[in-house]
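Small disclaimer: the values here were computed from a predicted structure and weren't measured. As the structure lists them, so they are numbered: ligands from 1, and atoms in each ligand from 1.
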Amino acid sequence: MPNVLYDALFGRHSGSQAPFLHLTDGSTLTYDAFLKLAGRFAHTITDEGLVAGDRLAVQIEKSPEALAIYAACVQTGVIFLPLNTGYMPEEVQYFVENSGARLLICDVRNAVGLTPIAANAGAGLMTMNADGSGSFSAVAVTKSDRFATVDRTGDDLAAFLYTSGTTGRSKGAMLTQTNLLSNAQTLVDYWRFTSRDVLLHALPIFHTHGLFVATNVTLLAGSAMIFLPKFDPAVMIAQMPKATVMMGVPTFYTRLLDDPAFTKELTAHMRLFVSGSAPLLSETHVQFEDRTGHRILERYGMTETNMNTSNPYDGTRRAGTVGFPLPGVELKVTDPATGATLPQGEIGVIEVRGPNVFKGYWQMPEKTREELREDGFFITGDLGVIDDQGYVQIVGRGKDLIISGGYNIYPKEVELMLDEQDCVMESAVIGVPHPDFGEGVVAVLVPSSGKQIDTDAIMADIKPRIARFKQPKRIVVMDELPRNTMGKVQKNVLRDMFADSFTT
Ligand code: MLC
Ligand code: AMP
């Protein structure tokens, strides 16, 4: 029996001397060298006692070795669980415990804080640092670089990606081999990837965009990546002459446009610029075309579904839209109250069905039932409309979610932490326009009776507890929160009141 994902993405490159990763130190890792590294890692994982279906959590910096752990997980059938490097130990603890991870690999800088967490959860702990060193690699060098790939079917799980929920607790989206492979196949075709492509890769590799969209497409097409540790406009500009394709969140594009060195000449040879994970402002789309002559291709996806829609490769890439449903993906707009499909042109909730849609939330059957219908349609929580030419437009969110620089922040998680504060009676966390991140987090606080809000004390408490990108960038105090007749906080009123927080 084969291992469908491993065979398609990795196995068929065995022995290939073609470049896979171009690194910032000027070196290149071939496909063959990468697979040998992954083979050693696969032995290390299984020698640690992990078997197919076990979870391996990683909170490590972006590196070729980090990517090789993903490959090794696919090869061994172990479920890969990557975590945002910005998460604090308290956040990591939840993921390790909830997933029942058998092994946690972290940067040595975080090992002291995470050792008791792993121990309490019954997980092993090994280290891997940004330069690829650490206890995991030290063991791996002693292993053979050939590993007998473990059989897996398309329905077997390949990865858990956690996505926050409206209640403040994260849910582990279970992604199968078929979810990942089918979407990569569709995108290679739709975006015309070939082995001649070189992708400029500056996204983190713990989310769908950088890990599955960018990396799986590259692997499937046999392309190469310029693999950058993080987004830095100057480095992007320096590396762009060697690339053919770039993928990014809207912040990448606005930051590049802010740099006068980002010119038409610099991008003349580029084949494709893709944007997603957050709305691209029409003005960014227009400015980009004015500056470079390229029209950014905007697509729409999410953790649970991989990619759902894309503007066309040929044909009009329409600003303010996310294009058409991808081949194999059914998309409908429904009435949020009844679930009935709405006529074209009406705004409702976007629902999608296809081989890309995940299997459910790990050990959360109720949450799964709420969002994944029995007939296979997933209720995205995004509000959209389909225009008379079939383009899908996202007009808002039915879910209370902030997207800042492409990272999702669920207000409830932050509100729970703020409400715990002695001086706070209640709080409302909102997202308002931010020139760099698209949306910026504002916390509106109502003081407990007779108390004064002490912003410094509040920030001192939450800073070590939640990732920096979730923390409020502005805190305001009000006597009471605006409520509707049902008593529900009117976040739209607050968003209007504080709309200028970051823009003036
Ligand atoms: C960093 N900070 C952020 C932030 N990123 N705050 C809010 N939102 C963010 N996204 C904090 C930093 O900690 C810092 O705090 C301050 O803001 C300024 O940091 P910076 O140096 O400007 O940030 P930088 O490291 O350059 O990161 C910005 C970024 C990064 C845009 C490059 O956030 C990024 O790579 N985003 C991509 C996210 C992504 O891959 N999303 C895909 C999800 S998948 P301080 O206190 O130190 O000043 C998905 C599905 C799909 O959504 O459809 O693709
Ligand atoms: P995540 O849970 O991190 O995968 O984020 C998925 C969410 O990002 C979607 O539900 C959308 O709200 C948003 N998103 C992704 N791509 C786009 C896009 N092109 N335009 C607007 N929103 C987007």
Colleague: For Glu91, run the salt bridge (charged side-chain N to carboxylate O under 4.0 Å, His left out) check against Arg465, Lys470, Arg468 and tell me which one passes.
Modeller: Lys470

Colleague: Students should be able to answer this: which protein heavy-atom is nearest to atom 17 (C) of ligand 2, and at what distance?
Modeller: Ala278 N, 3.7 Å

Colleague: Under a 4.0 Å N-O cut-off, is there an ion pair linking Asp456 with Lys463?
Modeller: no

Colleague: So if I count the atoms of ligand 1 from 1 in the order they appear, which ones are less than 4.0 Å from some heavy atom of Gly405?
Modeller: 10 (N), 31 (C), 33 (O), 36 (N), 37 (C), 38 (C)

Colleague: Atom NE2 in His201, atom OG1 in Thr218: separation rounded to 0.5 Å?
Modeller: 7.0 Å

Colleague: For ligand 1, is Lys473 a contact, meaning one of its heavy atoms is under 4.0 Å away?
Modeller: yes

Colleague: Counting only heavy atoms, which portion of Phe437 has something under 4.0 Å from ligand 1: side chain, backbone, both, or neither?
Modeller: side chain

Colleague: Determine the interplanar angle of the Phe20 and Phe34 rings, folded into 0 to 90°, and report it as parallel if under 30°, tilted if 30 to 60°, perpendicular if over 60°.
Modeller: perpendicular

Colleague: If I apply the N/O under 3.5 Å rule, does Thr380 come out as touching ligand 2?
Modeller: no

Colleague: Numbering the atoms of ligand 2 from 1, which are under 4.0 Å from a heavy atom of Glu298?
Modeller: 18 (C), 19 (N), 20 (N)

Colleague: Between Phe378 and Asn356, is there a side-chain heavy-atom distance shorter than 4.5 Å?
Modeller: no

Colleague: N/O to N/O below 3.5 Å, does that happen between Gly301 and ligand 1?
Modeller: yes

Colleague: For Val322, counting its heavy atoms only, list the atoms of ligand 2 lying under 4.0 Å from any of them.
Modeller: 18 (C), 19 (N), 20 (N)

Colleague: Flag the pair Arg353 and Glu304 as a salt bridge only when some basic side-chain nitrogen lies within less than 4.0 angstrom of an acidic carboxylate oxygen.
Modeller: no

Colleague: Determine the interplanar angle of the Phe502 and His434 rings, folded into 0 to 90°, and report it as parallel if under 30°, tilted if 30 to 60°, perpendicular if over 60°.
Modeller: tilted

Colleague: Among protein heavy atoms, which sits nearest to atom 42 (C) of ligand 1, and what does the distance come to when rounded to 0.1 Å?
Modeller: Ser277 OG, 3.3 Å

Colleague: First locate atom CZ of Phe212, then atom CD1 of Ile205, and finally report the distance between them rounded to the nearest 0.5 Å.
Modeller: 10.5 Å

Colleague: Report yes or no: does Pro204 have a heavy atom closer than 4.0 Å to ligand 1?
Modeller: yes

Colleague: Taking atom 16 (N) of ligand 2 as the point of reference, which of Ser277, Gly320, Pro279, Ser310 owns the nearest heavy atom?
Modeller: Ser277

Colleague: Taking non-hydrogen atoms only, is His209 closer than 4.0 angstrom to ligand 1 via side chain, backbone, both or neither?
Modeller: both

Colleague: Here's one to test your reading of the geometry: is the NZ or CZ of Arg271 within 45 degrees of the ring axis of Phe273 and under 6.0 Å from its centre?
Modeller: no

Colleague: Under a heavy-atom criterion of less than 4.0 Å, does Arg299 contact ligand 1?
Modeller: yes

Colleague: What protein heavy atom is closest to atom 13 (C) of ligand 2, reported as residue, atom name and distance in Å?
Modeller: Ile403 CD1, 3.4 Å

Colleague: Note the single closest protein heavy atom to atom 15 (O) of ligand 1, along with its residue, its atom name and the distance in Å.
Modeller: Arg468 NE, 3.1 Å

Colleague: Need the ligand 1 atom indices (1-based, order shown) with element for anything under 4.0 Å from a heavy-atom of Ser404.
Modeller: 7 (C), 8 (N), 9 (C), 10 (N)

Colleague: Can you report which non-hydrogen protein atom sits closest to atom 24 (P) of ligand 1, along with the distance?
Modeller: Arg255 NH1, 4.0 Å

Colleague: Does Arg373 come within less than 4.0 Å of Glu351, counting only side-chain N to carboxylate O?
Modeller: yes

Colleague: Give me the ring orientation class for Tyr94 and Tyr162: parallel if the planes are under 30° apart, tilted from 30 to 60°, perpendicular past 60°.
Modeller: perpendicular

Colleague: For Arg299 and ligand 2, does the shortest N/O to N/O distance drop below 3.5 Å?
Modeller: yes

Colleague: Using protein heavy atoms only, decide if any is under 4.0 Å from atom 29 (C) of ligand 1.
Modeller: no

Colleague: Got the closest protein heavy atom to atom 41 (N) of ligand 1, with its distance?
Modeller: Gly406 O, 2.9 Å

Colleague: So does Lys230 pair up with Glu61, basic N to acidic O under 4.0 Å?
Modeller: no

Colleague: Can you tell me the protein heavy atom closest to atom 25 (O) of ligand 1 and the distance?
Modeller: Lys230 NZ, 3.3 Å

Colleague: Of all the non-hydrogen atoms in the protein, which one sits nearest to atom 50 (C) of ligand 1, and at what distance?
Modeller: Met302 CA, 3.9 Å

Colleague: Can you measure from CG (Leu280) to OH (Tyr253) and round to the nearest 0.5 angstrom?
Modeller: 8.0 Å

Colleague: For atom 6 (C) of ligand 2, what is the closest protein heavy atom, and at what distance to 0.1 Å?
Modeller: Met302 CB, 3.3 Å

Colleague: Answer yes or no for atom 54 (O) of ligand 1: protein heavy atom present at a distance under 4.0 Å?
Modeller: yes

Colleague: Students should be able to answer this: which protein heavy-atom is nearest to atom 15 (C) of ligand 2, and at what distance?
Modeller: Gly301 O, 3.3 Å

Colleague: Any salt bridge linking Asp400 with Lys412? Criterion: basic side-chain nitrogen under 4.0 Å from a carboxylate oxygen.
Modeller: no

Colleague: May I ask you to list the atoms of ligand 1 that are less than 4.0 angstrom from any heavy atom of Leu203?
Modeller: 40 (O)

Colleague: Measuring from atom 31 (C) of ligand 1, which candidate in Thr208, Leu161, Thr254, Thr251 has the nearest non-hydrogen atom?
Modeller: Thr251

Colleague: State if Lys470 counts as touching ligand 1 under the rule of any non-hydrogen atom under 4.0 Å.
Modeller: no

Colleague: Could you tell me the residue and atom name of the protein heavy atom closest to atom 9 (C) of ligand 2, and the distance to it rounded to 0.1 Å?
Modeller: Asp382 OD2, 3.3 Å

Colleague: Given Leu401, Asn306, Thr303, Asn408, which has its nearest heavy atom closest to atom 4 (O) of ligand 2?
Modeller: Thr303

Colleague: Please work out, at 4.0 Å between heavy atoms, whether the side chain, the backbone, both, or neither of Glu304 comes within that distance of ligand 1.
Modeller: neither

Colleague: Nearest 0.5 Å please: distance from the CG atom of Leu81 over to the SG atom of Cys73.
Modeller: 9.5 Å

Colleague: Determine the interplanar angle of the Tyr87 and Phe469 rings, folded into 0 to 90°, and report it as parallel if under 30°, tilted if 30 to 60°, perpendicular if over 60°.
Modeller: tilted

Colleague: Identify whether the distance between the nearest side-chain nitrogen and carboxylate oxygen of Arg169 and Glu413 falls below 4.0 Å.
Modeller: no

Colleague: Between Thr244 and Asp197, does the side chain to side chain donor-acceptor pair (under 3.5 Å) criterion hold? Intermediate values first, please.
Modeller: CA-CA 6 Å; Thr244 63; Asp197 275 310; 2.7 Å; yes

Colleague: Can you list the atoms of ligand 1 that are under 4.0 Å from a heavy atom of Phe231?
Modeller: 32 (C)

Colleague: Write out the residue and atom name of the closest protein heavy atom to atom 33 (O) of ligand 1, then the distance separating them to 0.1 Å.
Modeller: Tyr407 CE1, 3.3 Å

Colleague: Salt bridge between Lys399 and Asp382, side-chain N to carboxylate O under 4.0 Å?
Modeller: yes

Colleague: Judged by non-hydrogen atoms, does Lys399 sit under 4.0 Å from ligand 2?
Modeller: yes

